[in-house]
Participant: 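For reference, the structure I am asking about is given below.
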Protein chains: 2
Amino acid sequence: MTQMRPPTGSRAAAADRGIPEATVARLPVYLRALAALADAGMRTASSEQLAGAAGVNSAKLRKDLSHLGSYGTRGVGYDVEYLRYQIAREIGLTQDWPVVIVGIGNLGQALSSYGGFRSRGFSIVAIFDADPDRVGEEHGGLPISPMDQLEPVVAEHGISIAVIATPGPAAQEVADRLVAAGVSSILNFAPAVLSVPERVDVRKVDLSIELQILAYHEQRKALSGEEAVPGHDATDDVAAKVVGQL
Amino acid sequence: MTQMRPPTGSRAAAADRGIPEATVARLPVYLRALAALADAGMRTASSEQLAGAAGVNSAKLRKDLSHLGSYGTRGVGYDVEYLRYQIAREIGLTQDWPVVIVGIGNLGQALSSYGGFRSRGFSIVAIFDADPDRVGEEHGGLPISPMDQLEPVVAEHGISIAVIATPGPAAQEVADRLVAAGVSSILNFAPAVLSVPERVDVRKVDLSIELQILAYHEQRKALSGEEAVPGHDATDDVAAKVVGQL
DNA sequence: AAGAGTTTGTGAACGAGAGAACAAAATCGA
DNA sequence: TCGATTTTGTTCTCTCGTTCACAAACTCTT
C-alpha cells in the first residue's frame, strides 16, 4: 500500500500527517538510540549525538525529526524523554497492539519467544499452527491454537496486525484468511509473494534474500581485486547463451 | 554520473558491472519467481508473467534485467532456465559461500535449522555461542563451538560472510572479532548499530522495527477514519512539550 | 515474403531521498 | 544588554529509483 497525501498547503509539519516512508523506517531506530542515551543518564542530546547513536548522518536525523514537528531547542538539542514520547506517539506505540503469529516452525518459535515485541507495546495473543499434533504445545507462554480458531480469535481481540511464519506454499491461503477475518497489516516471513487487497499493508522479511545481497557484494569485492582485463566475460556470456537456448 | 554508453558493440550492459542497489535487492526475488515458473513447467516467460510472479511492475523488471545484459528475446520473452542461470551467476550463487552464525538463542537456532540457506549455496560451517554450558549442543546438525574457536574457524574456511544473532550488547564485540578475523560481510539480527570499517558490508534485520513500521501505518488508517478535524493535536503537543520540559 | 501481432530494451519525465549549507533561534558570559 | 556560540529547522541541489511510452526486434500466419 502507498499513501500519497498531496500536501494540502498547510505547512505545519505536525499537522501534515504524511511522513516520508524512509523517515518512518528510521523512527524506531531513533527510539532505540534515545533509550540507550536515557539509560546512559543523558537528559538532553544534540542531533549530532543522537545521530551517532543511531548510526545516521545528523542532517538526515534533523530532517526526519522536523517531519514530526519542531521538538528541539536551538542551541540546546532535544530533550531525550520528551522526544522519546513524541516518537513513540507518532509511531503508535503509546497504545498496545495485539498480534497473532501463524506458523510455529523454527522461526515462529523464535518469534513467539522474542522479548523485543512485548517490550515495545506488541503483545502476542495467540499462535497458530496447521499441524493438529502440535496443538497445545507451549511456546513463549502461549499454547498453539488450531487453525480453525484463527477467525474467532482475530475477531474477538480486534487483531489488525499478524505475523506469517509458515512455509512458502501455505502463506497465501493464511494471508487470505487473515485478511478476511479483519487483519490489515501483515509481517511476512514466508518465502512467497503475497497478494492482498490494497488497504492491507504487507512487509516482507526474507532471510535468504539478505544473504544473497551480501553475496553479490562479496563477489564484487573478490572480482575487483583479481580481475584486471575486461572482456573475457563476453565470450563466456555468448557461450552460455547458446547452451541455454538449446 | 558516468552512465555514458560506450558504443563498443557487444554487450554494453554486462560490462557495466555497477548494478543499482535497488536492482540487486530484487534479483533474488526474480530468482525465486523463476524457480516457481520452472516448477510449473514453463520454459519461457514474458516480463509481464515474471513480474506477476515476483510481485513487481513489468517495466521495472525489464529495466532491472537490462542491467545484467540483453538476455531476453523481443516478441518472445525470457528463457526461464537461462535467465535463472544468469541471475544466479550475477549474484554469485554459482559458487558456494561458507557462513558462520554467532549467537544461538531462539533466533540463532531457527537460522541454523533454516533450509533456505543451504539450498541457495550458503553452507553453515559453524555456530558459536558465548555460553560455555551450551557448547556441544547440536542445532541443524552442527555442534555449538566455543567462542575462542571463532578466529581459527573463520581463517581455516576462508569465511567472508557471518551472521550475528546475539543479544544487542554483545553484537559490537562479536562484529569486531569477526572483522579482525577476516569477515567482510555481516548479516546483523541483533538490535544494535554496528560500527565497522568501510570495506565491510552490514545488513540489518530487525524484527521489532518491522512491526513498528506496520503499527505506524495501522494507526494512520485508524486515525484517518475517525478524525476529521485537524488541529487538536497541536494543543496536545504544546501541553506535552511543556510537561516534558519540566 | 510480407504484414500483423508480441514483447523487449531504453530514453525521457517524474518523484523521492540524501547531504551540504546556512539563516533563525536559543543559551551563555561579561 | 550585547555579542559570541551553539544547534536546530529548512532550503537547495544532486543523485537515485520508478514509471511511462515507444521504436526496434522478433515470431507467426497467410
Side-chain angles (χ1 to χ4, degrees), chain A residues 2-7 10-16 18-27 29-30 42-52 54-80 82-83 86 241 245, chain B residues 1-7 9-16 18-27 29-30 37 42-52 54-80 82-83 86 237 241 245:
Chain A
T2 13
Q3 50 277 90
M4 308 238 257
R5 272 263 165 278
S10 162
R11 280 266 93 224
D16 190 63
I19 296 179
E21 197 52 39
T23 296
V24 171
R26 281 187 295 265
L27 291 180
V29 179
Y30 300 156
M42 297 188 63
R43 306 192 52 103
T44 204
S46 71
S47 62
E48 203 72 47
Q49 295 171 309
L50 228 169
V56 303
N57 162 312
S58 71
K60 179 149 61 179
L61 178 131
R62 286 200 300 278
K63 188 180 286 185
D64 282 343
L65 294 185
S66 79
H67 286 115
L68 313 191
S70 195
Y71 293 150
T73 308
R74 295 173 194 227
V76 178
Y78 301 90
D79 181 285
V80 172
Y82 171 59
L83 185 57
Q86 288 300 336
K241 182 156 194 172
Q245 282 177 336
Chain B
M1 205 187 143
T2 54
Q3 205 70 300
M4 290 294 88
R5 200 90 300 231
S10 52
R11 30 78 246 198
D16 191 58
I19 296 180
E21 197 51 39
T23 296
V24 171
R26 281 186 295 265
L27 290 180
V29 180
Y30 301 155
L37 294 182
M42 296 188 66
R43 307 193 50 107
T44 207
S46 70
S47 62
E48 203 70 50
Q49 294 172 309
L50 204 84
V56 304
N57 160 315
S58 72
K60 179 150 57 179
L61 178 131
R62 286 200 300 279
K63 181 156 284 188
D64 281 344
L65 294 185
S66 78
H67 286 114
L68 312 190
S70 195
Y71 293 150
T73 307
R74 294 172 194 226
V76 178
Y78 301 89
D79 181 286
V80 173
Y82 172 57
L83 185 57
Q86 289 300 338
D237 288 352
K241 180 158 195 169
Q245 282 176 336

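Numbers restart at 1 for each chain; the letters A, B, ... are given by sequence-line order, proteins then strands. If you're wondering where the values come from, they're calculated on a predicted model, not measured in any experiment.
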Participant: Give the rounded distance in Å between these two atoms: NZ of A:Lys60 and P of D:dT15.
Facilitator: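 Spelled out: NZ on A:Lys60 to P on D:dT15 is 16 Å.
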Participant: Tell me the interatomic distance from A:Leu61, atom CG, to C:dG17, atom C1', rounded to whole angstroms.
Facilitator: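 Distance, rounded to whole Å: 15 Å.
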Participant: Which whole-number value in Å describes the distance from A:Asp64 CG to C:dG19 P?
Facilitator: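 One finds 11 Å between P of C:dG19 and CG of A:Asp64, rounded.
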Participant: Return the value, rounded to whole Å, for the distance between atom OH of A:Tyr71 and atom C1' of D:dT10.
Facilitator: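 It works out to 17 Å between those atoms.
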Participant: What distance separates B:Leu65 CG from B:Lys63 NZ, expressed to the nearest 0.5 Å?
Facilitator: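 Spacing of CG (B:Leu65) from NZ (B:Lys63) equals 12.5 Å.
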Participant: Where the side chain of B:Ala22 is defined as all heavy atoms beyond and including C-beta, which of D:dG17, D:dG9, C:dT10 is the nearest nucleotide?
Facilitator: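 Taking heavy atoms from C-beta onward, the closest nucleotide is D:dG17.
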Participant: Indicate the atoms forming the closest heavy-atom contact of B:Ala45 with B:Gln49, along with that distance.
Facilitator: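 Where B:Ala45 meets B:Gln49 most closely, the heavy atoms are CA-OE1, 3.3 Å.
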Participant: Round to a whole Å and report the spacing from NE2 of B:His67 to P of C:dG11.
Facilitator: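 That distance rounds to 11 Å.
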Participant: Between D:dT7 atom P and A:Leu50 atom CG, what is the distance in whole Å?
Facilitator: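 Roughly 13 Å, once rounded to whole Å.
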Participant: Counting side-chain heavy atoms from C-beta on, which of D:dC26, D:dG9, C:dG9 comes nearest to A:Arg62?
Facilitator: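 Nearest to the side chain of A:Arg62 among the choices is D:dG9.
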Participant: Counting only side-chain nitrogens and oxygens, does A:Ser47 get under 4.0 Å of the OP1 or OP2 atom of D:dT7?
Facilitator: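 No, A:Ser47 has no side-chain N/O under 4.0 Å of OP1/OP2 on D:dT7.
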Participant: On a plain distance test, is the side chain of B:Lys63 in donor-acceptor contact with the base of D:dT19 below 3.5 Å?
Facilitator: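 Indeed there is one.
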Participant: Under 4.0 Å from OP1 or OP2 of D:dG9: is there any side-chain N or O of A:Ser70 that close?
Facilitator: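 It does, given that an N or O in the side chain of A:Ser70 lies less than 4.0 Å from OP1 or OP2 of D:dG9.
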Participant: What integer distance in Å separates A:Glu48:CD from D:dT8:P?
Facilitator: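 Value for this atom pair: 8 Å.
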Participant: So which one's nearest nucleotide on DNA chain C is more toward 5', A:Asn57 or B:Gly77?
Facilitator: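 Result: B:Gly77.
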Participant: How close do B:Ser58 and B:Ser47 get, counting heavy atoms only, and between which atoms?
Facilitator: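 In terms of heavy atoms, the two residues are closest at CB-O, 3.9 Å.
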Participant: So, is B:Tyr78 near the phosphate of C:dG9, with a side-chain N or O under 4.0 Å from OP1 or OP2?
Facilitator: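 For C:dG9, OP1/OP2 do have a side-chain N/O of B:Tyr78 under 4.0 Å.
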Participant: Output the distance between atom CD1 (A:Ile19) and atom CZ (A:Arg26), rounded to the nearest 0.5 Å.
Facilitator: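 Reported to 0.5 Å precision, the distance equals 11.5 Å.
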Participant: On the side chain of A:Arg74, is there an atom forming a donor-acceptor pair with the base of D:dT7 - under 3.5 Å, no angle test?
Facilitator: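 Counting by modelled atom types and ignoring angles, no donor-acceptor contact under 3.5 Å is found here.
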Participant: Hey, could you give me the CZ/OG distance between B:Arg62 and B:Ser46, rounded to the nearest 0.5 Å?
Facilitator: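 It is 9.0 Å, given to the nearest 0.5 Å.
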Participant: Output the rounded distance in Å from CG (A:Leu65) to P (D:dT10).
Facilitator: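 About 12 Å, once rounded to whole Å.
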Participant: For D:dT18, take OP1 and OP2 only and decide whether either is under 4.0 Å from a side-chain N or O of B:Arg26.
Facilitator: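 Answer yes for this pair, as a side-chain N or O of B:Arg26 is under 4.0 Å from OP1 or OP2.
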